[in-house]
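See structure below.
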Amino acid sequence: MLGDIRHLCRRSHTKLQRKMLAVVFRVLSGISPRPTSRVLVASSNFANDATFDIKKCDLYRLEEGPPVTATLTKEDGLKYYRVMQTVRRMELKADQLYKQKIIRGFCHLYDGQEACCVGLEAGIEPTDHLITAYRAHGYAFTRGLSVRQILAELTGRRGGCAKGKGGSMHMYCDNFYGGNGIVGAQVPLGTGIALACKYNGTDEVCLTLYGDGAANQGQLFEAYNMAALWKLPCLFICENNRYGMGTSVERAAASTDYYKRGHFIPGLRVDGMDVLCVREATKFAAAYCRSGKGPIVMELLTYRYHGHSMSDPGVSYRTREEIQKVRRKSDPIMLLKDRMVNSNLASMEEFKEIDAEVKKEIEDATQFATSDPEPPVEELGCHIYSSEPPFEVRGTNPWIKYKSFS
């Protein structure tokens with residue numbers, strides 16, 4: 001019998017199966033079982049949910065923080081995986097289209113940071129607001145835009161979310177205020193959105209995102225001051241991916257504790273590569289803001305795989321080995337998949353099925369984004385306002401006029 005169990009241990013496909021059979025073998029052999037794994041709740045059959053340990057957040061001016069455990073249902077886990085995988089493949093496709101010169105202009109890719117956009121969206125309500133900088137494709141998708149609309153906007157086609165006239169840095173949808181091209185300029189705008197939430201008494205919050213490179217901009221501290229003074233429901237979120245435009249955080253900032261930068265505003269530092277950690281921290285921070293206590297600063301420790309933009313190869317100021325090490329040990333998609341398989345929440349076959357569906361979705365969207373017509377010149381001055389009667393707009397010279405409509 002012990003020989004049969006030893007044989008099954010070797011043939012088992014998942015870590016959980018091997019661990020359980022190993023425990024049985026050790027008990028029958030009279031050996032004390034080893035300590036339990038970090039999975040707190042699991043089942044020998046496929047479970048509907050499991051509870052996991054997550055990394056404790058660093059706190060500033062807070063007596064308590066987010067929980068150190070998180071419960072994940074199978075449905076939510078597969079949804080998070082699908083969204084992260086979609087964002088990953090969408091960005092890789094954008095990289096390919098850019099190198100083929102189908103996408104032109106500025107383009108900042110988000111692959112590696114998927115746990116941030118997915119975890120933040122999972123921790124707020126659809127009616128809440130979000131504004132970010134130019135690395136915005138992931139947020140455009142999690143906020144409700146389709147892959148077709150995003151890729152078509154990147155290729156400058158009429159089917160894009162901004163009719164092909166905004167491009168990579170200017171994507172918008174309901175309660176999502178872009179992509180903004182000027183470094184740090186979205187932070188005062190997000191503070192204004194939070195002011196509107198309080199003024200209108202809507203019980204909504206605004207997530208105002210910026211990168212570690214923008215964290216040294218003076219306008220951030222002006223926004224901090226107003227938000228704290230007026231107790232605005234604003235989550236100031238620094239996506240610290242360790243590098244600005246070719247410069248590491250250590251070379252750019254005298255203090256890299258970005259979650260403490262608010263000084264008089266509480267803060268927390270979060271593992272931005274773990275979607276569950278981001279989700280729980282966001283729920284905590286959003287509840288803090290909704291309670292009327294004012295703003296909070298949240299730093300997400302994450303990592304981008306591509307360079308800062310398409311003109312940056314990304315390996316002149318960091319090594320390829322460093323990037324590969326992060327991919328092996330901290331990739332957010334891999335971490336979620338391993339966590340779910342090891343806790344018996346899902347099978348590898350389910351993930352393969354999702355991968356195939358996502359791949360087809362990206363290919364279909366690419367076909368649309370490369371065949372949809374470009375916007376005509378006559379529409380150059382259109383959509384200046386969201387709701388205005390038609391009016392004339394001067395063109396590139398005084399003798400050309402366009403009719404603008406909303």
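Quick caveat: nothing in here was measured; it's all calculated off a predicted structure. For the numbers below, each heavy atom of this structure counts, side chains included, while hydrogens, waters and symmetry mates do not.
- Looking at every heavy atom in both residues, Leu232 comes nearest to Ala194 through CB-CB, 4.1 Å.
- Residue Gln100 places its CD atom among more than 12 non-hydrogen atoms of other residues, nucleotides or ligands, all under 6.0 Å distant.
- Under the 4.5 Å side-chain criterion, counting only non-hydrogen atoms from C-beta, Arg135 is in contact with Gln113.
- Here the CZ-CE distance, from Phe351 to Met340, works out to 4.5 Å after rounding to the nearest 0.5 Å.
- Lys165 NZ: more than 12 foreign heavy atoms inside a 6.0 Å radius.
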Derivation and outcome, side chain to side chain donor-acceptor pair (under 3.5 Å), residues Asn240 and Tyr259: CA-CA 10 Å; Asn240 178 7; Tyr259 70 110; over 6 Å; no
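- The aromatic rings of Tyr177 and His129 are tilted relative to each other, their planes meeting at an angle between 30° and 60°.
- You'll find the side chain of Arg88 reaches within 4.5 Å of the side chain of Asp331, heavy atoms only.
- Taking OH from Tyr303 and NZ from Lys325, the interatomic distance works out to 10.5 Å, rounded to the nearest 0.5 Å.
- With rounding to the nearest 0.5 Å, the separation of CZ in Arg89 from CD in Glu363 is 9.0 Å.
- Residue His308 forms a ring pair (Phe, Tyr, Trp, His ring centres under 6.0 Å) with just one option from Tyr243, Phe106, Tyr134, and that option is Tyr134.
- Ring-centre distance between Tyr139 and Phe176: not below the 6.0 Å cut-off.
- Counting heavy atoms from C-beta outward, Ile296 and Cys289 have side chains that approach closer than 4.5 Å.
- Between Val270 and Ala281, the shortest heavy-atom contact is CG2-CB, 3.6 Å.
- Counting heavy atoms from C-beta outward, Asp271 and Ile54 have side chains that stay 4.5 Å or more apart.
- Looking at Tyr110 and Glu239, their side chains do bring a donor and an acceptor atom within 3.5 Å of each other.
- Heavy atoms of other residues, nucleotides or ligands lying less than 6.0 angstrom from NZ of Lys74 number more than 12.
- With Lys55 contributing its side chain and Asp274 its backbone, the two residues share no donor-acceptor pair below 3.5 Å.
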Side chain to side chain contact (heavy atoms under 4.5 Å, CB included) between Leu145 and Tyr172, worked out: CA-CA 8 Å; Leu145 292 175; Tyr172 310 94; over 6 Å; no
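- Look at Arg82 and Glu361 and you find no salt bridge, because none of the NZ, NE, NH1 or NH2 atoms lies under 4.0 Å from a carboxylate O.
- The environment of Ile182 atom CD1 is sparse: at most 12 non-hydrogen atoms of other residues, nucleotides or ligands sit within 6.0 angstrom.
- Annotation: the span from Asp53 atom CG to Cys277 atom SG amounts to 11.5 Å, rounded to 0.5 Å.
- Under the 4.0 Å criterion applied to side-chain N and carboxylate O atoms, Asp355 and Lys359 are not assigned as salt-bridge partners.
- Considering every non-hydrogen atom in both Tyr317 and Gly307, the closest pair reads OH-CA, 4.1 Å.
- Using a distance-only test at 3.5 Å, with no hydrogens or angles considered, no donor-acceptor pair links the side chain of Arg269 to the main chain of Leu301.
- Considering every non-hydrogen atom in both Ala285 and Met298, the closest pair reads CB-SD, 4.4 Å.
- Judged purely by atom type and a 3.5 angstrom limit, Gln186 uses its side chain to pair as donor or acceptor with the backbone of Leu209.
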Chi angles and distances behind the side chain to side chain contact (heavy atoms under 4.5 Å, CB included) call for Thr366, Leu97: CA-CA 9 Å; Thr366 303; Leu97 293 173; 4.2 Å; yes
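- Scanning both residues, Val278 and Thr282, for their nearest heavy atoms gives O-OG1, 2.6 Å.
- Remark: the His137 side chain and the Ser168 side chain contain an N/O donor-acceptor pair separated by less than 3.5 Å.
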Check against side chain to side chain contact (heavy atoms under 4.5 Å, CB included), Arg290 and Asp128: CA-CA 11 Å; Arg290 287 188 220 278; Asp128 289 326; 2.6 Å; yes
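- Taking CG of Asp111 as the start and CG of Leu92 as the end, the distance is 5.5 Å to the nearest 0.5 Å.
- Minimum heavy-atom separation, Val147 to Ala365: CG1-CB, 3.6 Å.
- A donor-acceptor pair under 3.5 Å is absent between the side-chain atoms of Thr155 and the main chain of Ile102, judged by distance alone.
- Side-chain atoms of Glu114 come within 3.5 Å of backbone N or O of Gly112 as a donor-acceptor pair.
- With hydrogens and angles disregarded, no donor-acceptor distance shorter than 3.5 Å links the side chain of Tyr60 to the backbone of Ile265.
- In terms of modelled atom types and a separation under 3.5 Å, the side chain of Glu374 and the main chain of Arg157 share no donor-acceptor contact.
- Using cut-offs of 30° and 60° on the angle between ring planes, the pair Phe391 and Tyr385 is tilted.
- If you take OH on Tyr224 and CZ on Phe264, they are separated by 9.5 Å, rounding to the nearest 0.5 Å.
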Derivation and outcome, side chain to side chain contact (heavy atoms under 4.5 Å, CB included), residues Lys93 and Met90: CA-CA 5 Å; Lys93 178 58 69 173; Met90 180 177 70; 5.7 Å; no
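- At distances below 3.5 Å, not a single donor-acceptor pair connects side-chain atoms of Asp76 with backbone N or O atoms of Leu72.
- Using a 4.0 Å cut-off between charged nitrogen and carboxylate oxygen, Glu299 and Lys260 do not count as a salt-bridge pair.
- The shortest side-chain heavy-atom distance between His383 and Phe405 falls under the 4.5 Å cut-off.
- Within the 3.5 Å criterion, the main-chain N or O of Gly164 finds a donor-acceptor partner in the side chain of Glu153.
- Residues Tyr98 and Leu109 are not in side-chain contact: their nearest non-hydrogen atoms beyond the backbone lie 4.5 Å or more apart.
- Within 6.0 Å of CG in Asn200 there are more than 12 heavy atoms belonging to other residues, nucleotides or ligands.
- In this structure, Gln85 and Ile333 have side chains that are in contact, with non-hydrogen atoms separated by less than 4.5 Å.
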Using atom types as modelled, flag every donor-acceptor pair under 3.5 Å from a side chain in residues 245-256 to any protein atom, sequence neighbours excluded.
| from | atom 1 | to | atom 2 | distance (Å) |
| --- | --- | --- | --- | --- |
| Ser255 | OG | Asp257 | N | 3.4 |

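- Side-chain contact between Thr127 and Thr202 is absent, with no heavy atoms from C-beta onward closer than 4.5 Å.
- Judged by distance alone, the side chain of Thr142 and the main-chain N or O of Val118 form no donor-acceptor pair under 3.5 Å.
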